[in-house]
Amino acid sequence: MGELAWLGRLNVGGLAGVLILAPVLTGLVVFLVRTKWSRKGIVTGTGWILSLGALALFGFGAVRRDTVSFMPPQIPGISWDAVVTGLDLLLIVGFVAIGFLLRRPIVAALAVLQAGLVLWVELSHSVRLEHPPLYVDWLAIIMVMIVSVIGSIVAVYGLPYMKEHEKHLGIPDTASKRPRFFLTILIFLGAMNGLVLSDNLLWLFFFWEVTTLCSFLLIRHDETADAEANAFRALWINMAGGVLFAGGLVVLSHAVGAVSIQRIVESRASVVTNPIALVGLGLLCVAGFTKAAQMPFHSWLLGAMVAPTPVSALLHSSTMVKAGVYLIARLAPAFHDTAMSDMIAVAGGFTFAAAALLAIGQTNAKKVLAYSTISNLGLIIACAGLNSPLSMAAAVMLIIFHAISKALLFMAAGVVEHGIWSRDIEDMQGLVSRMPLTTLTMVIGILSMLLPPFGVLIAKLAAIEASVRMPAALLLLVVGSTLTVMFWTKWTGRLLTADPSVVFPRIEHLHSMYFVPLLMLTIGALGFSLMVVPLLTQLIVPAVAQYYRSVQSDVTTLVQFDNVLGVPWALVFGVLALAVLWPLLYFRGPRTQRTGVYLCGEQVETAATTTFRTAAETAVPVTIRGHYFERAVGETVHARWMMTVSIAALVLMLGAAFLQR
Amino acid sequence: MGILGKARAKSPWILHFDAGACNGCDIEVIACLTPVYDVERFGMMNIGNPKHADILLVTGTCNLRNARVLKNLYAQMPEPKAVVAIGACALSGGVFHECYNVLGGVEGIIPVDVWVPGCAPKPEAIIEGAVMAVQRMQERASGKVQPSEDESEDEHA
Amino acid sequence: MPETPKHEGGRPPVQVDNVETVLLTDLTARVQAAHEQGLRFVTATCLDAGDDYELYYHFAHGAALSHLHVRVKKGTPVPSISGIYMCAFLVENEIKELFGVPITDIVIDYKGHLLLTDGGPTTPMLKRQSPTSS
Amino acid sequence: MNPIALGALTLVIAPILGGLLMGLDRRITARLQNRLGPPILQPFYDVGKLMGKQPVACNSFQGVAASLYLMTSVLALLMFVLGQDLLVLLFVLALGAVMLILGGFSVKSPYSQLGSQREVLQMLAYEPLLVLMVVGVYLQTGSFSANSVLALDRPLLLTMPIFLVTQTLVIGIKLHKSPFDVSASHHAHQELVRGIYTEFSGLQLALIELAHFYELVLLLGFVWFLWHTNWLVGAALALAAYFSTILMDNVTARMTWRWLVSFMWTWGIGLAVANLAAIYFMLRVPR
Amino acid sequence: MARRTTIPFGPQHPVLPEPIQLKLTLDNETVVEAIPHIGYVHRGVEKAGERMDFGQNVFLVERICGICSFIHALCYCQGIEKLMDVEVPPRARYLRVIWSELHRMQSHHLWLGLLADAFGYESLFMQFWRNRERLMDIFERTAGSRVIISTCAIGGVRRDISPENLQYILDELVVIQKTLDDAVDVVLNDRTIRARTVGKGVLTAKQALELGAVGPVLRGSGVAVDARTEGFAAYGELGIEPVTEEAGDSYARTKVRARECYQSLDLVRRAIERLPDGDIAVRPRGRPDGRTVSRVEQPRGELFYFMGADGSARLDRLRIRTPTFANVPPLVAMLPGCEMADVPVITLSIDPCISCTER
Amino acid sequence: MMLSRVLSNLFSRPATRPFPKTSREPVEGYRGAVEFSQEECVFCGACALRCPANAIEVDRPAKTLKFDLFKCIHCACCAEACKRGCVQLRSAYHPPVYQKPEFEFSGAPVLAAEASPATE
Ligand code: SF4
Ligand code: SF4
Ligand code: SF4
Ligand code: SF4
Ligand code: SF4
Ligand code: SF4
Ligand code: SF4
Ligand code: SF4
């Protein structure tokens, strides 16, 4: 790494500044300069800036090989703390204004509550603010990479998407809301970068609330009644989460006397014996639950489906919900080996299984994706709760792979939506013969969510292996992963149901700005899975090691031969690839006779091949509806008990703070 | 050929289609599966699905409606395959040969390899017919006999 | 076998017991009445009697049979009784198809394709085939 | 033994063993039904015959599905004999099952479609049991690897008796035996014709049959595990489990998927969890 | 929720030995609608009955269906005998009962086996069919054919049964009854079978009458209708009590048929015991003239013939309403609401015979 | 119940008849293959008249009799009709054939023997 030594000397403060502020500034330019080409150029350019910035940060981390706490660049006369506090208050004023404008007093009330709590922390003398507010470690770097790269890909994909979207809704170019849309998106990305780079919880809180605001604006983007209602729901749930966050801060700042995550983690020994401090952490975790759309707070993410697809792709993969799990994972070492940690695992595991169950009953593709997100985030949280090196490695892997696959899936679903103007899985039957390319990416996306040798599954296996010491969580994970297989398989089955008449499907034309992002993510999903072992040994193990420094855990056992991470995954990949390729070559050409399907002999040969003759000699097409078991797994069937159980789990979780081990 | 041929001879899977029979022949076909006759001894299995079948057993007089089904089923069977026509009905229409909705047997609808006379033929005769069909299929696969299409034409020309 | 003149034997022709001949216009009402009495519908029979059709509707009460008999000119529409006895739909389709009796409003109407297939015979049960039939 | 040699040996022996066992099954089934039955080698004849059929396909994915199904079965068995991670093995197996299901889904035929739908439910019924069995292994050995079992000096059955039962049920489900043959059955006398297999033919079906050979050996291997200390007892146990499924096949009617799922999720999982709980409290696994 | 699954069930389908198609509309796997599509076995027998001479018709109507061919011939012959005013000798009437009841047993065995097959109980299928083979051997010995036995003729029967063969039948019946005991015990008491039949395809007595059901379908719903109580052949002398069950579900229909096997066993034994000596046939004189209806009880239910003759050698009209024809509407009414998996069981529970339905 | 039944099956001799290794003796009186005694026949056509399947064609002036095996339903009406007893139904069944046998004979010489060449 000799030639790259310069990376280690990078001004990390400046880099952080670029990662946080550049998108905000370019977003403003997009907003103000309203030409088609500038928008395309600037959004794409920002994507490059962010990606390169993230790469530079990665290089910095790789060369430095250690964590760095740092201050933002010093500008004389400016106290960044004051700026953040000011902006925070401004934001809260903004929320109050929104509350009044939308006649939603609850928003204003929550905002005022937040302001009060934040000021309490700020003004209480026990808080020592001298610790540098920003911090870089491997986890942060990984998060920045995800936010910057995947977020940028989604933003670029949003360019053609939003154009078609407005065409679809019949909005003339002059009244286009796209400038505002991209402004929000870019600010969102900046805020996420800020969030993961913050060490000071007050700063983190500021960025946290910015993401709340951005998501509100994005969900509301279409300004239909539906959008308004769901945006409001997202807003108040997340603001309630914000209140819990601020409340947790108040408690923590009093109990530990610090608002720096590092400080809190370092003082673990005193934290775990102090129920009050644990409750403070617990409140932060509950805030994380709201943002990560865990049960019982999951309804906002489902509602967020009304937003245009790029928004969903963003919310689900790299931003917003990931902020929630990030916070919990970030704090995990602080409550390592506590009963509360175990309860977090159970609560996460419950959401994992319950959301997977509900996903089975959904016909709306985006809803399935949403439940899958909720479910996977539950798994990540369960991993954080299990709080061991293996589980944390699983959590980090999940964060990475889930982001890639989910972004891919949402984007593919968006392309499909524009191809068939429906989100219904049933309408996607036989998509493989209509949109083969998109379907291929979608299928790879789905398979990468549930099957070996793809990363998500490897992580899931690691999670199960990590959970053996906790039977309750284990059972939930086993049940959840079985249910997961079910809904994904059903969906893929729909996609692949081809009419045998279509022998060589026409490849559909895809806009390059659709195609390239899809391709990048597909390659990402395949490539990262292929390289899961180096990824693990080079990146994740060091990250986890850094992470549990304060806990003194042995992470070297992580990669050993008899554990899931020791399987020669690349070899498995190769063998399976071979198994895919040879039949494609063998069952080809004139040797293989293409036939119609078996329809009990009454297949009509001349017409489409899945038509049969029936009563009164009429020809009727076979229609096959997928099974969704609405009566068994419908949302309404389970809503009540799931709510009850999940609320109980949270209460128990906070209560567990008082259980000394 | 060797091993493959042996395997083929020992594993004929059967598809039975009733093209308008009186059930007499059909139940005799089913009777072949039962303990007393047990055609599974010969590796025969009533597979019920043209895509898996090697031998098609046809009973019945055939009418326009079931003839198209018969053709479809036959077309869906992968080569090598053979057809056995069972009972007077499938052979000529039997007692129904003058009925208005009877085409008069399988002949001319799909090529037939073996004919089993009787009304209804005994299970023994049906088994014997199926075994003969296997031989015919075997010979055809090894090129000794013309493919079924041509054969049916010149045989009854 | 040479045809012999009809009704030549000494005995008078056997007759079906318990038959009641009704007018076409009364048919529906009579069937309705049978339905209300809880009779089981057995089947219907059609005969081609030259210029007319003869229709029998057979009912059963326990073991006892009773029959309604209707004579209609060919071409006269006959109302379906499948609205009263749903199970009559099969036999009515059959009569419509094989004899060409214009039965109207059958609950499930196979439109002449219950038993017969395009390209095959039409109204094959008629004694003398109409010139259109094959 | 040298792992490569062991793997190669497995590749060759497993299908022979699996095929013979299946032949035995057909023979025993026939005898249970008062018939003579086919020759023991019948499964090999069937596979050979299928390989020689003209290739027929509805789409090119079917071949991929069949091939992946075979490959994963082989892979899973190899992982088993090479002492790899059992949990991974199970999911490799699940990959194959999912691929077969997708292969069934890929054709718009009512029977293969409904068969696939039900096969999904079948997976739902047996997957948790397999995973729980592996968890039971972990609880006793502290590891998920198959090797760790061999290192154990007492038979697993002593602590995991229930799993002999659940494993037998799993074999029954996987082999589509009554009362579990909801998605496909060996003889096609079912409402779904041959269910998920309906549209596979010729070579594709041969691959699937071959995969069944491997899978059977693997599933019986799991039973054998329960008494690994004496391989004869283990083998006897495996054969007993196999024979039980055959017997079960012959004394029950096919049930519906609804029953299957609810039965396995109450009794199956319930008993398995109870057994695990017992182990857990007996052994007090250290955190 | 407009989206439904629409699929063909048949004509060629392994659980249906005969071609019939049900167009099934499913909601998930629940049947919403089942429309039968028939005509695959339609031959035109009624017309052929007007073309062949009335003596040859016996062999024609026998081949309407091979399962209870004898009873078709019986129904036809009894009708013609009415039209020709023929008195059938007593021995012939008893022999007719023997063959009819053997046919009924054979048919019920066949059906019970197919039912077992429909829910995958292969060993039970084998057991019933193994037992059925014994009956087939009896036919082969006594009638000269296994399936279409062709022993009924106008005016009596074509063959006598020798005393040795009567003893042979009695001996075989002992074995048959033993096996039957076993198998019926399973079919009625096995838990998995009960799970598949109890409560499936329920038809109330009112519905059954309303829909024109006949035979075990009607009796399974608790309505005691059995054409044999009319006393044709020798039934009047032997006496018979219709077998009924109340529940109206597939299980009740199964039970009716199982019990009828025993009823037939008993009838055959009693008929052999009381078999009178004498002629087995009278030579019919003259030609049929007039119109009549003839009714007998098939294994599947009441068989109804309407015959019109004008004194010539050929009939003027031969109308045949077979039991399955009457049982199809109840089937169409039973299927909606059931599970896809129950379609074969419920369909079989009417013991469908398509070749007779379509003639 | 079923369990004990199948288990006892397992240990008892299967019911399977080892056909075709050994075939059963044909049952006396079975209506199998139709056989004509060509020497005795006087071509009166009684059999043809009674045959429900029209399987027999007799040309009285030309003195030929044609029998179509494929139409025959083995009802034995011909045998009943022939008072000379020159149509009989053998008790062995007619074996399956690869081709339709032509069976025809006339007054003096036999035109084609009962031909089912492939059965041997
Ligand atoms: S379908 Fe797509 S483009 Fe249309 S409104 Fe929805 S998200 Fe926008
Ligand atoms: S919903 Fe339909 S009508 Fe409305 S904008 Fe879209 S395409 Fe046009
Ligand atoms: S040949 Fe005879 S037994 Fe066979 S189907 Fe025809 S009539 Fe029935
Ligand atoms: S009579 Fe019964 S066994 Fe025969 S084909 Fe019909 S349903 Fe099947
Ligand atoms: S009712 Fe059906 S089964 Fe009975 S003889 Fe008639 S056609 Fe055959
Ligand atoms: S076989 Fe007998 S009945 Fe026939 S033509 Fe010859 S002699 Fe006459
Ligand atoms: S046995 Fe019957 S069908 Fe055959 S030739 Fe004689 S009369 Fe004709
Ligand atoms: S059977 Fe004899 S008596 Fe009768 S028609 Fe022929 S030759 Fe004359």
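Labels below follow one simple rule: chain letters A, B, ... track the order of the sequence lines, proteins then strands, and each chain is numbered from 1.
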Query - Residue pair F/Lys71 / B/Leu91, side-chain heavy-atom distance below 4.5 Å - result: no
Query raised in the report: NZ of B/Lys122 to OH of F/Tyr30: how many Å apart, nearest 0.5 Å?
Result: 5.0 Å
Report summary line: In short, B/Val95 meets F/Ile73 closest at the heavy-atom pair N-CG2, 3.7 Å
Query raised in the report: Relative to chain F, which of B/Gly129, B/Ala90, B/Pro117, B/Ala88 shows the most heavy atom pairs under 4.5 Å?
Result: B/Pro117
Query raised in the report: Of the non-hydrogen atoms in B/Ala125 and F/Pro96, which two are nearest, and what is the gap between them?
Result: O-CG, 3.3 Å
Report summary line: By side-chain hydrogen bond (donor to acceptor under 3.5 Å, both in side chains), B/Asn101 pairs with (sequence neighbours left out) none
Query raised in the report: Is any side-chain heavy atom of F/Tyr93 closer than 4.5 Å to a side-chain heavy atom of B/Glu128?
Result: yes
Give every donor-acceptor pair under 3.5 Å between a side-chain atom in residues 60-67 of chain B and any protein atom, sequence neighbours left out.
from, atom 1, to, atom 2, distance (Å)
B/Thr61, OG1, B/Gly20, O, 3.1
B/Asn63, OD1, B/Arg65, N, 2.9
B/Asn63, OD1, B/Asn66, N, 2.8
B/Asn63, OD1, B/Asn66, ND2, 3.4
B/Asn63, ND2, E/Gly39, O, 3.2
B/Asn63, ND2, E/Tyr40, O, 3.3
B/Asn63, ND2, E/His42, O, 3.1
B/Arg65, NE, A/Glu617, OE2, 3.2
B/Arg65, NE, C/Thr117, OG1, 3.3
B/Arg65, NH1, C/His113, O, 3.4
B/Arg65, NH1, C/Leu114, O, 2.9
B/Arg65, NH1, E/Ile38, O, 2.3
B/Arg65, NH2, C/His113, O, 2.9
B/Arg65, NH2, C/Leu116, O, 2.5
B/Asn66, OD1, B/Asn63, N, 2.9
B/Asn66, ND2, B/Ala19, O, 3.2
B/Asn66, ND2, E/Tyr40, O, 2.4

**Report entry** Expected output: side-chain F/Tyr98 to main-chain B/Met132 donor-acceptor under 3.5 Å
**Finding:** yes
Query raised in the report: So which part of B/Ala120 gets closer than 4.5 Å to some heavy atom of chain F, the side chain, the backbone, both or neither?
Result: backbone
**Report entry** Side chain, backbone, both or neither of B/Phe96 within contact of chain F (heavy atoms, under 4.5 Å)
**Finding:** neither
